[in-house]
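Take a look at the structure set out below.
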2 protein chains.
Amino acid sequence: MPSEKSENGRSVNQRVTIREVAAKAEVALSSVSRALSGHPDVSDEMRKRVKDVADELGYEPNLVAQSLRSGVTRTIGFVVRDINNPMFALLARSCEQELRRNGYSMILVNSDRNIENENRNFSLLRRRRVDGIIASLVSEDSPYIKKNLAGPRCPIVLLDREVKGINASAVLADHAAGVHQAVTQLIKAGHREIAFVTGSNNVYPTRNRLQGFTKAFEDANLKVQPDLMAIGGFDADYALSHARILLHRNPAPTAILAGGHGALMGISRALKEKNLTMGKEIAFIALDQLPYLEVFSDNISTVYRDTEAIGREAAILILEGIEGEKPRVSVIETEFIERASSQGSI
Amino acid sequence: MPSEKSENGRSVNQRVTIREVAAKAEVALSSVSRALSGHPDVSDEMRKRVKDVADELGYEPNLVAQSLRSGVTRTIGFVVRDINNPMFALLARSCEQELRRNGYSMILVNSDRNIENENRNFSLLRRRRVDGIIASLVSEDSPYIKKNLAGPRCPIVLLDREVKGINASAVLADHAAGVHQAVTQLIKAGHREIAFVTGSNNVYPTRNRLQGFTKAFEDANLKVQPDLMAIGGFDADYALSHARILLHRNPAPTAILAGGHGALMGISRALKEKNLTMGKEIAFIALDQLPYLEVFSDNISTVYRDTEAIGREAAILILEGIEGEKPRVSVIETEFIERASSQGSI
DNA sequence: CTCTTAACTGGAAACGTTTGCTATAGGCAA
DNA sequence: TTGCCTATAGCAAACGTTTCCAGTTAAGAG
């Protein structure tokens with residue numbers, strides 16, 4: 001392994017460039033470039049000669065220079081609304097895997113539920129000249145949204161967001177179907193006071209879930225009770241305060257749906273305060289694929305969506321965009337998985 | 001907000017360059033560069049003029065070109081051994097936050113517990129000319145390790161790894177102390193058959209933990225029982241098969257320590273198979289800060305380490321390295337947090 | 001034997017910045 | 001007035017690649 005030793009007299013701090021390879025191989029720069037990049041106009045002999053010298057010198061092409069010249073960075077930006085939500089870790093991971101399989105790297109940036117941060121993140125990624133951006137937006141109507149989504153030559157994939165007037169690709173989960181199944185099941189089991197804690201109404205998943213929720217009541221010829229729906233924020237503190245109110249209601253809810261990680265955190269704290277156990281005194285259903293749920297407790301009923309599939313699909317869509325294909329929307333199914341916690345005391 | 005509209009006649013696909021800013025402001029390229037980068041040799045009038053034009057045109061400097069010219073990418077590579085371990089999500093997140101606060105981006109790559117992947121990851125990051133690499137290595141003696149850690153001009157921070165003959169910085173957790181506390185506590189409570197499932201011996205954390213483990217027995221004038229120590233792999237399957245063996249032992253262990261995420265997964269499955277509950281028939285202690293533990297069940301005793309502090313510290317060390325400071329090792333304390341699960345049936 | 005063509009190879013210009021050096025202008029001291 | 005210094009601005013050369021274009025060689029056709 002000759003490339004391991006610090007190459008004759010040359011300083012170990014200096015990186016070897018294509019120029020040195022060319023010199024040592026006694027060929028032109030352009031030939032080195034072609035030989036190593038798999039260009040067809042190169043003789044076998046030349047290619048071998050160059051490759052040998054490159055290996056010998058431990059040449060590693062400078063991707064920065066390649067990017068500048070070729071205009072392509074082979075990098076995708078991933079803007080995530082709230083990295084504290086473990087669902088996004090799962091999502092980003094599967095997405096990164098798929099991208100890497102296709103020769104792309106990922107730069108992940110976190111907006112921390114803040115629109116200004118989000119805007120800065122987009123700007124950063126543009127300055128880095130990423131080839132595409134996958135984004136989980138804080139909201140669907142930020143003042144910067146037009147600027148950031150209609151950018152020059154940079155395909156966008158939106159995650160679970162609908163922004164009108166933008167032709168970006170998107171991966172949407174069909175939350176409504178799973179929620180409909182779940183609530184229908186609860187109703188069948190005799191539940192009537194079904195509470196729902198979920199995010200704010202200005203994003204697609206909330207709207208979509210509520211559609212499924214209300215439709216389940218309609219289909220059962222029941223009226224949905226508005227004061228059992230806590231809509232307005234994804235964070236745990238919000239969920240906690242609203243869960244407290246819900247639990248003190250009269251009549252008390254006999255079942256409760258948690259719309260995502262934050263809601264689950266808040267609700268589980270509120271339940272503990274009242275010494276209630278999920279699935280015992282109150283039926284409980286979690287939305288989203290929360291990795292720790294599957295990992296640790298196997299009795300929580302869930303409206304499942306395949307988060308890793310979403311990540312992969314996002315990668316596929318962004319690669320399509322880079323290839324110049326038209327943006328398109330991809331829908332991921334959800335499914336109610338019934339386990340012990342949705343039984344409750346009824 | 002004039003920069004939002006697609007700037008007079010110019011194609012929206014073309015990015016505006018420093019050259020166009022210079023032309024429109026009727027000054028030299030170099031003046032634009034200096035004005036925007038805060039160089040001192042610029043008059044106030046020039047700076048204002050340039051900034052106004054830059055804003056007007058929506059100029060966003062090309063970081064690729066900047067990097068090529070300046071030799072600095074303001075990017076840190078993060079090589080993670082196994083992204084499936086949720087601890088790393090936590091770690092990477094806090095690290096990224098700290099880096100970003102200092103104007104750096106992070107590229108995260110996953111080795112998937114494979115040495116070849118790890119080697120490729122290092123190579124990729126070098127080609128991208130990252131300014132530094134933070135790495136959680138698969139093992140401490142891969143054949144590529146010398147090449148990858150003694151690289152040119154690129155500071156390295158190792159996470160929980162000791163590699164001799166390399167002068168890289170490192171963040172090490174003092175696992176031994178926490179494990180010692182935990183085991184001592186168990187012994188005091190009357191436990192004698194204490195099992196330990198942990199990773200392979202060729203990495204620092206395992207060795208370090210075992211030191212704490214055996215020392216606790218020595219300090220109590222007891223002999224550690226080698227057949228209760230399952231050493232050899234971090235993955236859940238390994239842990240599962242070994243936990244099965246341990247649970248069938250005679251006399252059965254009355255307490256069990258899980259060395260990290262994989263071990264915990266395996267053990268919890270093995271316990272379920274035998275219909276045992278953590279903290280009931282068998283005392284249970286988890287090592288590492290596993291986010292889902294804190295989040296979901298509040299009764300698991302833990303040898304806690306502040307994972308986010310590790311991430312921050314890694315960021316600090318890598319930034320020091322970039323500043324040209326000498327590598328150094330930073331130690332993070334661990335602490336036994338006693339909760340219900342370590343009571344067991346004794 | 002010459003001409004055409006194919007198959008390579010080399011030279012040099014770009015990509016968008018930063019930065020060292022040089023030039024100009026005005027201010028101030030002599 | 002002259003000379004020098006300071007503050008500022010411009011020019012042009014890098015950074016390490018890719019890629020267009022032109023040139024060379026050898027082979028095959030006539």
Side-chain angles (χ1 to χ4, degrees), chain A residues 10 13-51 53-54 57-75 124 126-131 152-153, chain B residues 10 13-51 53-54 57-75 124 126-131 152-153:
Chain A
R10 194 141 278 145
N13 279 351
Q14 280 308 330
R15 255 133 170 176
V16 22
T17 72
I18 200 175
R19 171 163 270 113
E20 302 173 44
V21 177
K24 181 137 185 176
E26 298 181 297
V27 298
L29 266 69
S30 44
S31 298
V32 177
S33 173
R34 278 186 294 248
L36 296 179
S37 70
H39 194 101
D41 291 359
V42 181
S43 68
D44 292 350
E45 194 219 328
M46 168 73 84
R47 198 174 312 267
K48 176 168 178 359
R49 171 125 137 255
V50 168
K51 279 196 166 147
V53 173
L57 294 180
Y59 170 64
E60 294 185 313
N62 185 331
L63 242 52
V64 176
Q66 287 186 331
S67 296
L68 177 60
R69 170 62 224 219
S70 66
V72 158
T73 55
R74 295 194 86 73
T75 308
L124 171 68
R126 278 197 305 268
R127 290 203 304 277
R128 289 199 172 264
R129 299 299 191 257
V130 296
D131 298 333
R153 272 249 64 64
Chain B
R10 193 142 279 145
N13 279 350
Q14 281 309 332
R15 256 134 169 175
V16 22
T17 73
I18 201 174
R19 169 162 272 114
E20 302 173 45
V21 178
K24 181 137 187 177
E26 299 182 296
V27 298
L29 264 70
S30 45
S31 297
V32 176
S33 172
R34 280 187 289 250
L36 296 178
S37 69
H39 194 100
D41 291 359
V42 181
S43 68
D44 292 350
E45 194 218 328
M46 168 72 85
R47 199 174 311 267
K48 177 170 181 353
R49 171 126 136 256
V50 168
K51 279 197 165 146
V53 173
L57 294 181
Y59 169 63
E60 295 186 312
N62 184 333
L63 243 49
V64 176
Q66 288 185 331
S67 296
L68 177 60
R69 170 62 225 219
S70 65
V72 158
T73 54
R74 294 195 86 76
T75 307
L124 172 68
R126 278 196 305 267
R127 290 203 304 278
R128 289 198 172 265
R129 299 298 191 259
V130 296
D131 297 333
R153 273 249 65 66

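Heavy atoms only: backbone and side chains are in, while hydrogens, waters and symmetry mates are out. The chains referred to below are lettered A, B, ... by the order of the sequence lines, with proteins before strands, and numbering in each begins at 1.
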Nearest-angstrom distance from the residue atom CZ of B:Arg19 to P of D:dG10: 14 Å
Phosphate-side-chain proximity, B:Ser33 and C:dT19, N/O vs OP1/OP2 below 4.0 Å: no
Presence of B:Thr17 side-chain N/O under 4.0 Å of C:dC15 phosphate oxygens OP1/OP2: no
Base of C:dT17 paired with side chain of B:Arg69 (donor-acceptor, under 3.5 Å): no
Sugar-phosphate, base or nothing in reach of A:Leu63, heavy atoms under 4.0 Å: nothing
Which atom of B:Asp131 lies closest to which atom of B:Gly71, heavy atoms considered: OD1-O, 4.5 Å
N/O donor-acceptor pair, side chain B:Arg34 with base D:dG10, under 3.5 angstrom: yes
Euclidean distance, atom CG of residue B:Asp41 to atom C1' of C:dC21 [Å, nearest integer]: 12 Å
Between C:dT18 (C1') and A:Leu68 (CG): distance, integer Å: 13 Å
Shortest non-hydrogen separation from A:Met46 to A:Val27 and the atoms involved: SD-CG1, 3.7 Å
Rounded interatomic separation in angstrom, taking CG from A:Leu29 and P from D:dT18: 10 Å
First encountered from the 5' end of DNA chain D, between B:Arg129 and B:Asp44: B:Asp44
Protein-nucleotide distance (B:Arg127, atom CZ; D:dC15, atom P), rounded to Å: 22 Å
Sugar-phosphate, base or nothing in reach of A:Val64, heavy atoms under 4.0 Å: nothing
Spacing of A:Ile18 atom CD1 relative to C:dG11 atom C1', expressed in whole Å: 14 Å
Test applied, side chain to side chain contact (heavy atoms under 4.5 Å, CB included); reference residue, B:Val32; option that passes from B:Val50, B:Val42, B:Thr17: B:Val50
Protein-nucleotide distance (B:Glu20, atom CD; C:dC15, atom P), rounded to Å: 11 Å
Distance in angstrom units between B:Gln66 CD and C:dT19 C1', rounded: 13 Å
Sugar-phosphate, base or nothing in reach of A:Asn62, heavy atoms under 4.0 Å: sugar-phosphate
Under 4.0 angstrom between B:Ser31 side-chain N/O and D:dA9 OP1 or OP2: no
Derivation of the side chain to side chain contact (heavy atoms under 4.5 Å, CB included) call for B:Thr75 and A:Arg128: CA-CA 10 Å; B:Thr75 307; A:Arg128 289 199 172 264; 2.8 Å; yes
Touch class at under 4.0 angstrom, heavy-atom based, for A:Val42 against every strand present: sugar-phosphate
4.5 Å side-chain heavy-atom contact, A:Asn62 and B:Arg129: yes
Under 4.0 angstrom between B:Ser30 side-chain N/O and D:dA9 OP1 or OP2: no
